[in-house]
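Residue indices begin at 1 and follow the sequence shown. Here the structure is a predicted model, which is why all the values come from computation and not from measurement. Counting starts at 1 for both ligands and their atoms, in listed order.
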Amino acid sequence: MDTTFTATKIQTGEEYINSLKGRDLTIYLFGEKVDDPVTHPMIRPSINAMAKTYDLAVAAPELAAVTSPFTGEKVSRFLHVCTDVKDLVLQNKMQRKLGQLTGTCFQRCVGMDAFNALYSVTFEMDEAYQTDYHSKLKAFLTKMHRYNYVVGGAMTDVKGDRSLAPHQQEDPDVFVHITKRTEEGVYISGAKAHQTGVINSHWMIVMPTMRLGEKDAAFAIIGAIPVDAKGITYIYGRQSCDARSMEGGTIDVGNAQYGGQEAMVIFDEVFIPNEYIFMDGEYDFAAMLVERFTAYHRRSYVCKSGVGDVLIGAAAEIAEMNGVPKASHIKDKLVQMTHLNETIYGTGIASSYQGYPTKSGAYLCDEMLSNVCKHHVTKLPYEIGRLAQDLGGGLVATMPSEQDLNNDEIGHLVQKYLKGKVDVSTEDRMRILRLIENMTLGRNAVGYLTESMHGAGSPQAQRIQIGRFMQLEYKKRLAKIIAGIELEEDQDLLINELSGYFARVFKLA
Ligand code: SF4
Ligand code: FE
């Protein structure tokens, strides 16, 4: 099954793009089979965004690369398991930078967060059941490091009737599950929805999507699969205004170079050999995996603060092109956008700074702040987007097309009547307006807005976790002591008895 291993380690973005050529994948887009995703004009921007993760590792290795503990060589930080707070923090800094450089989702964090969660969960599973998942995971990671591959994390099942557990569904395929077992491994069927960057990955790790019960043991499967494994069909998720990238221009697309990618992945009896299986029936560890994965992934959404930097820049730029950069209400809106954007970053990076060690030695970020970060992300980019549209004006949604600008008959009219400040070219002004459209209504609004809402769990999922971690009993005791209901001596207990989130808040150093 090691057919997808290349001869050499991938280092640059160009080498990464070359590594995707000539693969035999079954991909459908617009009802047709895609021959070559690498040259497809609608798919290519997402590949470019992923390639940027490699180029950044070359240009800024301290930020986006690490020395592999397995191979001793430089590999992408996206393949690294965090062993201290600094590792967690640097993940976030890298994510913000990549958001700034691409203006979109660069797709590589799901695998990173999956590795980190799996590292500690497999360790604890082995401890409970004397299994050997942890060493198998490390062997797999070593292979990924050797080639510096992109690994996607495939978690979200299509779920069918949301009121039913996996084993209760009429069609068991709505949750990925084991269908057959041999001496060599297992076969799985089912589908995963919204898979970010999956077609741009080399491997993917399939994981359960939620807490499972005893009767769901067949759904408790974690395994690594090459993206070009036999039996997989990909159906590409179309995005708002995506067909513009088929028109050939560079203005109306808004962001000609970069885009995100989501696809539905359908598994039809896909084989996972024993060496790549990291959970097989341990249903009672599914919840731990989902919780740890989402703890990492929900603070990975600081990526949106990097994307927000681009949108704030576009809003400031259009104000300047319109000749009104100094108007007080415009400055105030830019300050407001920045405040919202930094709120996302602040909570995400704080979650990393409050990271702590698991039994395996891998560091986990603070779950409360991670959930608070992601909950902000479900809301604040919408407000930042609203303010960007406010500053952009109605042209964001009514502007003539690139073809009209280039038309022999009417091009001069577009030039004349879309002019802002005299020293700013009409085309440049149109480009900025199209970028605002791209990020708030168009292709990259998928990543900036809707993915912000639902990625790593919809808002309610964070509220449930925030509710679980909020330590109300502790807070009630605080109130009762202050109100004179409980004795003041109990305060000593409250100082020394800290647990959970507050243990990390008050940890010195
Ligand atoms: Fe990474 Fe953000 Fe894209 Fe998720 S949405 S894969 S965290 S860039
Ligand atoms: Fe995501």
**Item:** S300 neighbourhood, listing ligand 1 atoms whose heavy-atom distance to it stays under 4.0 Å
**Value:** 7 (S)
**Prompt:** From C303, does some N, O or S atom reach closer than 2.8 Å to atom 1 (Fe) of ligand 1?
**Reply:** no
**Message:** With a sphere of 6.0 Å drawn around NZ of K136, does it hold more than 12 non-hydrogen atoms of other residues, nucleotides or ligands?
**Reply:** yes
**Message:** Using a 4.0 Å cut-off to any heavy atom of C105, which atoms of ligand 1 qualify?
**Reply:** 3 (Fe), 5 (S), 6 (S), 8 (S)
**E451: numbered ligand 1 atoms lying under 4.0 Å from its heavy atoms** = 5 (S)
**Contacting atoms of ligand 1, where contact means under 4.0 angstrom from a heavy atom of K304** = 5 (S)
**Prompt:** Can you name the one residue among R108, R77, M112, Q95 that meets side-chain contact (heavy atoms from CB on, under 4.5 Å) with T53?
**Reply:** R108
**Prompt:** T378 side chain to H375 main-chain N or O, any donor-acceptor pair under 3.5 Å?
**Reply:** yes
**Prompt:** Checking side-chain contact (heavy atoms from CB on, under 4.5 Å) for the pair R96/N341: CA distance, chi angles, key distance, verdict?
**Reply:** CA-CA 11 Å; R96 183 161 189 174; N341 202 42; 3.7 Å; yes
**Request:** Please list, chain by chain and in numerical order, all residues satisfying side chain to side chain contact (heavy atoms under 4.5 Å, CB included) with P166, sequence neighbours excluded.
**Result:** F175, M210, L212, D216, F219
**Fill in**
So the atoms of ligand 1 within less than 4.0 Å of a heavy atom of H297 turn out to be 4 (Fe), 7 (S)
**Prompt:** Any idea which part of Q95 is under 4.0 Å from ligand 1, heavy-atom wise: side chain, backbone, both or neither?
**Reply:** neither
**Prompt:** Can you name the residues that form a salt bridge (Lys or Arg N to Asp or Glu O under 4.0 Å) with D390, not counting sequence neighbours?
**Reply:** K333
